Amino acid sequence: MRSQVIVGNWKMHGTVAQSRELAQAIRDRLDQPRGAEVAVCPPFTALAAVSAILEGSAIGLGAQNCHWADQGAFTGDIAPPMLTELGCRLVLLGHSERRHVFHETDEEINKRVGAALRHGLAPILCVGETAEERRQGLTFTIVEGQLRAGWAGLSPEEMSRCCLAYEPVWAIGTGVNATPSQAAEVHGYLRGILSDLGSKDLAQSVRILYGGSVKPDNAASFAEEPDIDGVLVGGASLDALGFATIVGRCAAAGTTPKE
Ligand code: PGA
């Protein structure tokens, strides 16, 4: 059975001092989470401080993006070895804010995925359609295109080290979450693509998270869906108690036998 994964995406929130405080409050509540894997993705500037606070706990550390080169003349960017040095184990890639605000292309995201894997970081590739694309009936086409392009050239072994996150753009930061059945439909579709890209075993082992306005009150309804293996939480992950509640509810719902 796939265990639930709950990842907090702090986005561009938190000075080092604030991040330390939040990380400590999360650790106090979730030092050894049961029945779920937990990670947080603070801003780059707070990674070292948060890493020190989480050391020895079962809470993982991730980054919100990375460049594809190991080093070089890329002003303002961050390379994978800079992240692993600080204890990062995972990295979000292709988040909708990177795609839509910063115009990252599928090709660039694919290079980032490859670089992350080369350095032992587990990439969480984010895919999702806009409201207009959903209205036009293009949801499956969009997420399939983003997955195939984002994973282009990966070996099955590399694919097995990745996670996916389905994050409909219209649900991110809006308070309007996808319904669990809307999300489950897309997760099921993505699992079919995984089967095609790799194997049935791969499709059954890769974790697919849902993200977009996940809150303590709706988290369990996603985790109860057999094809939803956890949640990627933005706004609600900035509150330690709320985040711990989400983890607890997902862990409980995710370990309840499904169907
Ligand atoms: P949200 O963000 O939970 O604030 O909607 C989710 C995300 O962007 O990963």
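For ligands, and for the atoms within them, numbers begin at 1 and follow the listed sequence. Residues take their numbers from the sequence shown, with the count starting at 1. This is a predicted model, so every value here is computed, not measured.
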Q: Report the C-alpha separation of Asn65 and Glu104 in whole Å, then their side-chain angles, then the decisive distance to 0.1 Å, and conclude whether the side chain to side chain donor-acceptor pair (under 3.5 Å) test is met.
A: CA-CA 11 Å; Asn65 204 1; Glu104 285 185 14; 2.9 Å; yes
Q: May I ask you to check whether Glu132 and Trp170 show a side-chain donor-acceptor distance below 3.5 Å?
A: no
Q: Quick one: sort the Phe74 and His67 rings into parallel, tilted or perpendicular, breaks at 30° and 60°.
A: tilted
Q.
Under a 4.0 Å threshold between the charged nitrogen and the carboxylate oxygen, would Arg148 count as salt-bridged to Glu144?
A. yes
Q) Who's touching ligand 1 if we go heavy atoms under 4.0 Å? A) Asn9, Lys11, His95, Glu167, Ala171, Ile172, Gly173, Gly212, Ser213, Leu232, Val233, Gly234, Gly235
Q. Is it true that atom CD of Glu21 has more than 12 heavy atoms of other residues, nucleotides or ligands lying nearer than 6.0 Å?
A. no
Q) Should the pair Tyr210 and His187 be assigned to parallel (<30°), tilted (30 to 60°) or perpendicular (>60°) ring geometry? A) tilted
